[in-house]
Number of protein chains: 2
Amino acid sequence: MSGTDTTKSTGGTSAGRTGTDQPRRGRADKAAAILHAACVVFGRDGYSRAAVDTIATEASTSTRTIYNYFPGGKEELFRSVMEWSSARVRDEQLARLRRYLDPQRPPHPRDLERDLLALARAWSDLMADFRDHFLLVRHILVEAGHLPADTVQAWQEAGPRAVRREFASALAALSDHGLIDAHGDLDQVATHFMALISPNAVQHSYWGVTPLPAEEIDRLIASGVRAFLRAYGGAAT
Amino acid sequence: MSGTDTTKSTGGTSAGRTGTDQPRRGRADKAAAILHAACVVFGRDGYSRAAVDTIATEASTSTRTIYNYFPGGKEELFRSVMEWSSARVRDEQLARLRRYLDPQRPPHPRDLERDLLALARAWSDLMADFRDHFLLVRHILVEAGHLPADTVQAWQEAGPRAVRREFASALAALSDHGLIDAHGDLDQVATHFMALISPNAVQHSYWGVTPLPAEEIDRLIASGVRAFLRAYGGAAT
DNA sequence: TTAAAAGCACAACCAGCGTTGTAATGTCGT
DNA sequence: ACGACATTACAACGCTGGTTGTGCTTTTAA
């Protein structure tokens, strides 16, 4: 899984534009390699267990270089990884949301289940595609009590909250067209949708530590979407 | 002299007063005090951060005594706490399940929502009554990858799995009487019920680290139960 | 009262790890 | 080739913390 993009000598001098603001060559590449390695190791071992040396080895670099890039040490590295990984995943999550549930073009009533199922599958696939990230999120939640409050606040505002907010507004569009019946506030609907489709990897397999077979995941997702539609399907369905 | 902090017996741990029939003095009491303290500290700090000295202070005992009771050290202590706390909570959870959803006496259709709501509230209250335990469970899930596989297996078989199994069989009784429509297998129904009523403390407040106001919790639970009944309410309702 | 057991404070040992300094080595632009 | 800087290996420091041994004190049972 890892080590694919950790080739430090990344080809030619692609990022070698000197003189502006980047002091050296592939500085960004190196930083990304460190962040990716930190994501893997923090996600696997947790904050306390993870050793900076292990991260350095995983990133195919040296401990000293990590401290050169992140003078704040382990703590700043963890915060940087939170920010970096969450932004990446959030963007991809929002992209998949817009692909399958565009508020500008609500689906036909007949296609609602198909689209919701596609969205649920896309989000589920996301958890596999960014497995390292979600393994890390586990530890963010657990370490929340040991992190600065504003850091955690900022993370969840820029990460999961942003997704849920946009999802709720997409649901609002569905509600306006009678495709779903919110039965109250839309935040609830969004939460319940996620609750019904997410137990796949969460409840059943320790946050994805032991992956489930694809067909089993598919069965659980389909079951969740059907239950969601029975609970919130609108008059037009 | 550091004897100023001898304000032990902070809780009801007045252990060694009554030497009745116990072979040694309050051996069980002492063990329970250690286990309870370990539950608190492990739940707050996690396995790696938690220091044995901290647990000893929390238990108003000495580090050495902990090693006398648990020769396996920190690791065995954690495993013992898992077992001890989970058994306690599971029993209480099953008791509340039977109180509000007795398979022998299914409720009237009119009372189904009331009973499910009562059960959901009872389980939610349980998470407050045994807050330390659920704080610990967080860390069990996160540490699963660093614990012996059979230990984790045994824990979830004797703990959450047992509850879900009995809950599913209670739902089977409801299904037999037409009170709910399983739309497939009953394990799904049980999972979805729990998913719809548990986001209270889980999604919204970091696994209960920052408790929500009671009325908010009540609102979320009621919303979850109503959604559940729309999804799984049987013909008789 | 007395002896044994339990509990305790204290100290020591050792391992792991975060962090920093330093000198050697590699790499790139000129 | 040369110089500047990035990168590295290496070592050292200090701190935290798990674990154990050891007498001293307290409690319990006879």
Side-chain angles (χ1 to χ4, degrees), chain A residues 6-34 37-38 41-42 45-79 146, chain B residues 1-9 13-34 37-38 41-42 45-79 146:
Chain A
T6 57
T7 59
K8 56 178 175 179
S9 60
T10 50
T13 322
S14 56
R17 53 194 188 97
T18 62
T20 58
D21 48 10
Q22 302 287 0
R24 282 295 162 265
R25 208 220 358 160
R27 241 193 114 88
D29 290 357
K30 195 103 203 172
I34 294 174
V41 176
F42 278 135
D45 296 340
Y47 181 81
S48 300
R49 247 189 254 267
V52 179
D53 286 3
T54 309
I55 297 174
T57 303
E58 179 76 26
S60 299
T61 183
S62 73
T63 309
R64 202 63 186 78
T65 301
I66 290 185
Y67 281 93
N68 288 340
Y69 276 82
F70 301 92
K74 195 181 179 184
E75 204 177 311
E76 189 203 323
L77 181 56
F78 189 76
R79 262 182 278 120
H146 299 278
Chain B
M1 295 294 286
S2 62
T4 61
D5 56 358
T6 56
T7 64
K8 65 170 93 174
S9 71
T13 55
S14 59
R17 297 305 150 86
T18 60
T20 58
D21 50 9
Q22 304 286 1
R24 295 290 170 270
R25 211 228 342 175
R27 237 194 116 86
D29 291 356
K30 194 104 205 170
I34 294 174
V41 176
F42 279 134
D45 297 340
Y47 180 82
S48 299
R49 268 185 159 89
V52 179
D53 287 3
T54 309
I55 296 173
T57 303
E58 178 77 24
S60 299
T61 184
S62 73
T63 308
R64 202 64 186 77
T65 302
I66 289 186
Y67 281 92
N68 288 340
Y69 275 82
F70 302 91
K74 195 180 179 184
E75 204 176 312
E76 188 203 325
L77 181 57
F78 189 76
R79 262 182 278 120
H146 299 278

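Here is how names work: the chains are called A, B, and so on, in the same order as the sequence lines, proteins then strands, and each is numbered from 1. All heavy atoms count here, side chains included; hydrogens, waters and symmetry mates do not. Since we're looking at a predicted model, the values are computed, not measured.
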Sequence-aligned protein contact record of nucleotides 10-15 of chain D, with B where the base is within under 4.0 Å of a protein heavy atom and S where only the sugar-phosphate is: ------

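B:Tyr67 has its OH atom 18 Å from the P atom of D:dT22, to the nearest Å. Atom CD1 in B:Ile34 sits about 10 Å away from atom C1' in C:dG7, given to the nearest Å. D:dT8 atom P lies 9 Å from atom CG of A:Asn68, rounded to whole Å. Distance B:Ile55 CD1 to D:dT19 P: 11 Å, rounded to the nearest Å. Across the protein-nucleic acid pair, B:Asp53 atom CG and C:dA9 atom C1' stand 12 Å apart, rounded to whole Å. When rounded to the nearest whole Å, the span between OH of A:Tyr69 and P of D:dA6 equals 8 Å. One atom, CG of B:Asp45, and another, C1' of D:dT16, lie 14 Å apart when rounded to the nearest Å. Here the C1' atom of nucleotide D:dG18 and the CZ atom of B:Phe42 are 12 Å apart, to the nearest Å.
Contacts with DNA chain D (heavy atom under 4.0 Å) in residues 70-77 of chain B: B:Gly73, B:Lys74, listed by number.
Across all strands shown, B:Thr61 has heavy atoms under 4.0 Å from sugar-phosphate atoms exclusively, and none from any base. B:Ala56 comes within 4.0 angstrom of no nucleic acid atom, judged by non-hydrogen atoms across all strands.
Residues A:Glu58 and A:Ala37 approach most closely at CG-CB, 3.6 Å, considering heavy atoms. The heavy-atom pair separating B:Ser62 from B:Ala56 by the smallest distance is C-CB, 3.7 Å. Considering all non-hydrogen atoms of both residues, B:Ser48 and B:Lys74 come closest at O-NZ, 3.5 Å. Of all heavy-atom pairs between A:Val52 and A:Ile66, the closest is O-CD1, 4.0 Å.
Dashed line: the shortest gap from a side-chain N or O of B:Thr65 to OP1 or OP2 of C:dG7 is not under 4.0 Å. OP1 or OP2 of D:dT8 lies within a sub-4.0 Å distance of a side-chain N or O belonging to A:Lys30.
Put simply, the side chain of B:Thr61 does not reach to within 4.5 Å of the side chain of B:Tyr69, judged on heavy atoms. For the pair B:Leu77 and B:Ile34, the minimum side-chain heavy-atom distance is below 4.5 Å.
Taking the six-membered ring where the residue is Trp, A:Phe42 and A:Phe78 present perpendicular rings, their angle passing 60° and hence far from 30°.
When the local axes at the two ends of the helix from C:dT1-D:dA30 to C:dT30-D:dA1 are compared, using 5 base pairs at each end, they differ in direction by 30° after rounding to 10°.
Atoms NZ and OG, from A:Lys30 and A:Ser60 in turn, are 8.0 Å apart once rounded to the nearest 0.5 Å. Here the NE2-CG distance, from B:His146 to A:Asp45, works out to 4.5 Å after rounding to the nearest 0.5 Å.
In A:Glu75, the CD atom is not crowded: 12 or fewer heavy atoms of neighbouring residues, nucleotides or ligands sit closer than 6.0 Å.
Nearest nucleotide to the side chain of B:Ala51, out of D:dG17, C:dT20, D:dT8: D:dG17.
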